[in-house]
Amino acid sequence: TLIFEGFVKGTNNCNVFKIAAGSGDVVTFISEGGAIQGFGSFVTAAAGPLSGVNNKGGSLWAVTGGIFRCHQLKLLDPPQYAGWSDGPDEGEVLECEIQGGPLTYTDDNHFGICLFNASTGWKINGNKTLKNGTGQVVQAIGSVTLTAGTADKTQILGNRLFSQWEKGTYIFGDDIQANNNWVFDCANGEGIRIIGARPQVNSNIIKTCLGGGITLYDSGGAVCEGNQLSGLRASGINLGYYDDATIGSATLSNARIQGNNIEMDSAVATGGRGIDVRIGMNTGTVASTETGIQILDNTILKANYNAADPLAAMTFLAYNTASVFRDLRVERNHINDCGAAGMQFAAATYTYANIKDNKVRDPAQSIARSGFIFDNGVTMVG
């Protein structure tokens with residue numbers, strides 16, 4: 001156990017603490033008003049910051065074994081990461097403050113907390129990120145799959161993620177919980193992005209994120225419920241596939257998006273969709289069949305309200321028209337101030353779809369707008 005009362009400061013592109021504990025060892029960092037401080041800049045190694053299991057671009061703490069605990073510690077001016085884990089199956093980062101970071105970034109791999117190589121079962125709860133007055137905070141929470149590892153079973157609960165330079169959360173893993181977080185002012189990306197099956201993304205408040213609200217990739221069985229999203233560009237909630245070439249064992253089936261309040265940023269001409277569901281691959285060469293997707297009880301305001309590009313407030317798109325929406329439920333949604341259309345159903349086969357009790361308010365402010373669009377190539381069966 002390390003108890004911090006003052007500052008421990010690192011220099012250059014280093015890991016201030018690097019911990020290689022045994023599998024049963026517990027390492028605990030506890031603060032009594034103390035902090036770990038980096039040097040607030042980042043220098044890419046010649047071989048690249050992620051070119052090997054342990055060759056990463058500097059952090060305040062790094063752990064490669066054991067069980068890790070970090071409680072109520074200030075993590076100031078991290079170089080590339082405030083902290084990273086390479087393999088431990090259990091860890092906690094609780095009620096810490098991450099402040100500052102590099103002024104410029106050489107790539108996308110900068111995180112407050114980063115989980116590498118099957119660092120599963122972590123709790124990242126009650127933390128806060130802040131600007132340091134000159135630079136921006138790194139992306140708050142993420143994972144990188146250098147090998148086959150993913151950050152399965154990670155809890156991301158009750159964090160306050162302010163002024164991210166890109167995304168609040170960008171994490172690969174199955175059975176992720178990301179609930180009751182505040183994500184404000186992401187400069188480029190969306191508030192929460194998760195790649196993996198069965199995520200729970202509930203009761204988050206996401207505001208003024210320029211890349212959108214919530215993105216769920218490869219997320220069959222997802223529950224996305226009760227989120228409050230406002231001031232967004234791009235998509236409010238996006239459900240689709242991550243890879244551009246193959247689907248593999250991933251699916252979008254049985255995902256449920258329910259009871260969310262989505263308000264887009266109507267002050268810009270680019271606009272965005274409120275809810276965007278896309279099946280099949282971006283290349284258009286791979287079709288998919290998705291069963292039991294449910295889009296229920298959502299409210300969408302100002303989606304693509306000022307955009308010239310004819311987008312809809314809610315879109316169901318198949319990159320490959322041989323794709324099938326089976327048992328799709330689109331019920332009791334309320335859309336205000338849509339762009340080209342309230343709901344757009346693109347070319348695909350819709351088998352036993354249940355589309356009912358939806359309300360689109362004032363869509364026909366011009367002849368170019370309509371409540372519902374069924375594109376050429378839509379086949380309704382049953």
Side-chain angles (χ1 to χ4, degrees), residues 98 108 111-113 124-131 136-142 154-171 173 176-196 199-217 219 222-240 255-268 270-277 295-305 313-315 333-337:
I98 303 171
D108 293 334
F111 295 94
I113 307 299
I124 303 174
N125 299 347
N127 302 285
K128 179 171 65 174
T129 65
L130 293 171
K131 286 186 178 181
Q136 287 183 300
V137 178
V138 296
Q139 293 175 194
I141 302 161
T154 301
Q155 288 186 344
I156 305 169
L157 307 179
N159 299 283
R160 292 170 290 170
L161 310 178
F162 302 146
S163 302
Q164 305 309 119
W165 78 274
E166 194 181 62
K167 299 174 179 66
T169 296
Y170 188 2
I171 195 162
I176 302 292
Q177 288 186 338
N179 301 336
N180 297 299
N181 301 287
W182 299 354
V183 188
F184 298 169
D185 304 322
C186 292
N188 296 292
E190 61 269 59
I192 294 175
R193 178 183 289 192
I194 298 174
I195 303 96
Q200 293 183 11
V201 185
N202 301 332
S203 302
N204 299 284
I205 300 175
I206 299 176
K207 293 183 178 181
T208 55
C209 292
L210 301 191
I214 298 169
T215 296
L216 303 174
Y217 286 135
S219 294
V223 176
C224 181
E225 185 173 15
N227 299 285
Q228 301 292 319
L229 315 178
S230 62
L232 306 178
R233 305 179 193 177
S235 294
I237 299 175
N238 182 14
L239 177 68
R256 176 163 57 89
I257 298 172
Q258 183 168 7
N260 301 284
N261 192 78
I262 304 167
E263 182 176 354
M264 308 303 290
D265 180 0
S266 63
V268 295
T270 52
R273 298 175 174 90
I275 296 176
D276 191 6
V277 179
I295 312 295
L296 312 172
D297 303 302
N298 300 284
T299 298
I300 301 173
L301 295 86
K302 303 178 185 177
N304 196 46
Y305 190 56
M314 187 181 296
T315 298
N333 298 286
H334 189 185
I335 295 171
N336 278 357
D337 305 330

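For the single chain, residues carry numbers from 1 onward in sequence order. Everything quoted here is computed from the prediction, not taken from an experiment. Computed over heavy atoms, backbone and side chain alike; hydrogens, waters and symmetry mates excluded.
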Participant: Please assess Ile237 against Asn260 for the test side chain to side chain contact (heavy atoms under 4.5 Å, CB included), listing each intermediate value before the final yes or no.
Facilitator: CA-CA 9 Å; Ile237 299 175; Asn260 301 284; 3.7 Å; yes

Participant: According to side chain to side chain donor-acceptor pair (under 3.5 Å), who are the partners of Thr315, at least two apart in sequence or on a separate chain?
Facilitator: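 Side chain to side chain donor-acceptor pair (under 3.5 Å) list for Thr315, sorted by chain: Arg273.
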
Participant: For the atom pair CD (Gln139) and CD1 (Ile113), what is the distance rounded to the nearest 0.5 Å?
Facilitator: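 Separation between the atoms: 13.0 Å.
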
Participant: So, taking the atom named CZ in Phe162 and the one named SG in Cys186, what distance separates them when rounded to the nearest 0.5 Å?
Facilitator: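 That separation rounds to 11.5 Å.
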
Participant: Of all heavy-atom pairs between Cys224 and Ile214, which one has the smallest distance, and what is that distance?
Facilitator: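 Where Cys224 meets Ile214 most closely, the heavy atoms are SG-CD1, 4.0 Å.
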
Participant: Looking at side-chain heavy atoms only, is the closest gap between Ile275 and Ile295 below 4.5 Å?
Facilitator: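 The answer is yes; the side chains approach within 4.5 Å.
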
Participant: Just to verify, what does Gln258 make a side chain to side chain donor-acceptor pair (under 3.5 Å) with, not counting sequence neighbours?
Facilitator: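 Partners of Gln258 under the side chain to side chain donor-acceptor pair (under 3.5 Å) test: Arg256, Asp297.
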
Participant: Side chain to side chain donor-acceptor pair (under 3.5 Å) with Thr208: which residues, sequence neighbours excluded?
Facilitator: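 Partners of Thr208 under the side chain to side chain donor-acceptor pair (under 3.5 Å) test: Asp185.
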
Participant: Does Asn125 reach the main-chain N or O of Leu157 with its side chain, forming a donor-acceptor pair under 3.5 Å?
Facilitator: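 Yes; at least one donor-acceptor contact below 3.5 Å.
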
Participant: Tell me every residue that passes side-chain contact (heavy atoms from CB on, under 4.5 Å) with Asn180, counting only those two or more places apart in sequence or in another chain.
Facilitator: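 Partners of Asn180 by the side-chain contact (heavy atoms from CB on, under 4.5 Å) criterion, ordered by chain and then number, come out as Ser203.
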
Participant: For Lys207, which residues count as a salt bridge (Lys or Arg N to Asp or Glu O under 4.0 Å) partner, sequence neighbours excluded?
Facilitator: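 Salt bridge (Lys or Arg N to Asp or Glu O under 4.0 Å) list for Lys207, sorted by chain: empty.
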
Participant: Is any side-chain heavy atom of Val201 closer than 4.5 Å to one of Ile194?
Facilitator: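 Counting from C-beta outward, Ile194 and Val201 do come under 4.5 Å.
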
Participant: Taking all non-hydrogen atoms of both residues, which atom of Asn202 and which atom of Val223 are closest, and how far apart?
Facilitator: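 Looking at all heavy atoms of both residues, the shortest contact is OD1-O, 3.3 Å.
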
Participant: Of all residues at least two apart in sequence or in a different chain, which pass the side chain to side chain donor-acceptor pair (under 3.5 Å) check with Asn181?
Facilitator: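 Scan of Asn181 (side chain to side chain donor-acceptor pair (under 3.5 Å), adjacent residues dropped) gives Asn159, Asn204.
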
Participant: Who are the side-chain contact (heavy atoms from CB on, under 4.5 Å) partners of Ala222, not counting sequence neighbours?
Facilitator: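 With neighbours one apart ignored, the set is Pro199, Leu216, Ser219, Ala255.
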
Participant: Please report the shortest heavy-atom distance between Phe111 and Ile141, naming the atom on each side.
Facilitator: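 What the structure gives for the nearest pair is CD2-C, 3.9 Å.
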
Participant: Using a 4.5 Å cut-off on heavy atoms from C-beta on, say whether the side chain of Ile206 contacts that of Asn227.
Facilitator: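 Side-chain contact under 4.5 Å: no.
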
Participant: Report the C-alpha distance between Ile171 and Ile195 in whole Å, list the side-chain angles of each, state the deciding distance to 0.1 Å, and finish with yes or no for side chain to side chain contact (heavy atoms under 4.5 Å, CB included).
Facilitator: CA-CA 6 Å; Ile171 195 162; Ile195 303 96; over 6 Å; no

Participant: Please examine the side chains of Asn238 and Tyr217, heavy atoms only from C-beta on, and report whether any two atoms are closer than 4.5 Å.
Facilitator: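 Heavy-atom side-chain distance check passes, below 4.5 Å.
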
Participant: Over all heavy atoms of both residues, which pair between Thr129 and Ala140 is shortest? Give the atoms and the distance, please.
Facilitator: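 Scanning both residues completely, I find the closest heavy atoms to be CG2-CB, 4.1 Å.
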
Participant: Quick one: are Ile98 and Asn127 in side-chain contact, heavy atoms under 4.5 Å?
Facilitator: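 Sidechains of Asn127 and Ile98: no contact.
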
Participant: Supply the atom-to-atom distance Thr169 OG1 to Ile192 CD1, rounded to the nearest 0.5 angstrom.
Facilitator: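 Nearest 0.5 Å value for the OG1-CD1 distance: 5.5 Å.
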
Participant: Between atom CG of Asp265 and atom NZ of Lys302, what is the distance when rounded to the nearest 0.5 Å?
Facilitator: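 Nearest 0.5 Å value for the CG-NZ distance: 8.5 Å.
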
Participant: Of the non-hydrogen atoms in Leu161 and Gln164, which two are nearest, and what is the gap between them?
Facilitator: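 In terms of heavy atoms, the two residues are closest at C-OE1, 3.6 Å.
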
Participant: Would you check if Val183 and Ile205 make a side-chain contact, meaning some heavy-atom pair closer than 4.5 Å?
Facilitator: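 In short, these two side chains do not touch, never coming nearer than 4.5 Å.
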
Participant: Output the distance between atom CG (Leu210) and atom CZ (Arg233), rounded to the nearest 0.5 Å.
Facilitator: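 The CZ atom of Arg233 is 5.0 Å from CG of Leu210, to the nearest 0.5 Å.
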
Participant: Output all residues satisfying side-chain contact (heavy atoms from CB on, under 4.5 Å) with Glu190, sequence neighbours left out; order by chain, then residue number.
Facilitator: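 Per chain and number, Glu190 pairs via side-chain contact (heavy atoms from CB on, under 4.5 Å) with Lys167, Arg193, Thr215.
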
Participant: So, do Leu130 and Ser163 sit near enough that their side-chain heavy atoms are less than 4.5 Å apart?
Facilitator: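 No, every pair of side-chain atoms sits at 4.5 Å or beyond.
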
Participant: Quick one: list whatever passes side-chain contact (heavy atoms from CB on, under 4.5 Å) with Leu301, sequence neighbours left out.
Facilitator: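 By the side-chain contact (heavy atoms from CB on, under 4.5 Å) rule, Leu301 matches Asn261, Glu263, Thr299, Asn336.
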
Participant: Is it the case that Gln177 and Thr154 place a side-chain donor and acceptor less than 3.5 Å from each other?
Facilitator: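 Thr154 and Gln177 do not have a side-chain donor-acceptor pair below 3.5 Å.
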
Participant: If you look at every heavy atom in Ile300 and Ala313, which pair is closest and at what distance?
Facilitator: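 Between these two residues, the closest heavy atoms are CD1-O, 3.8 Å.
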
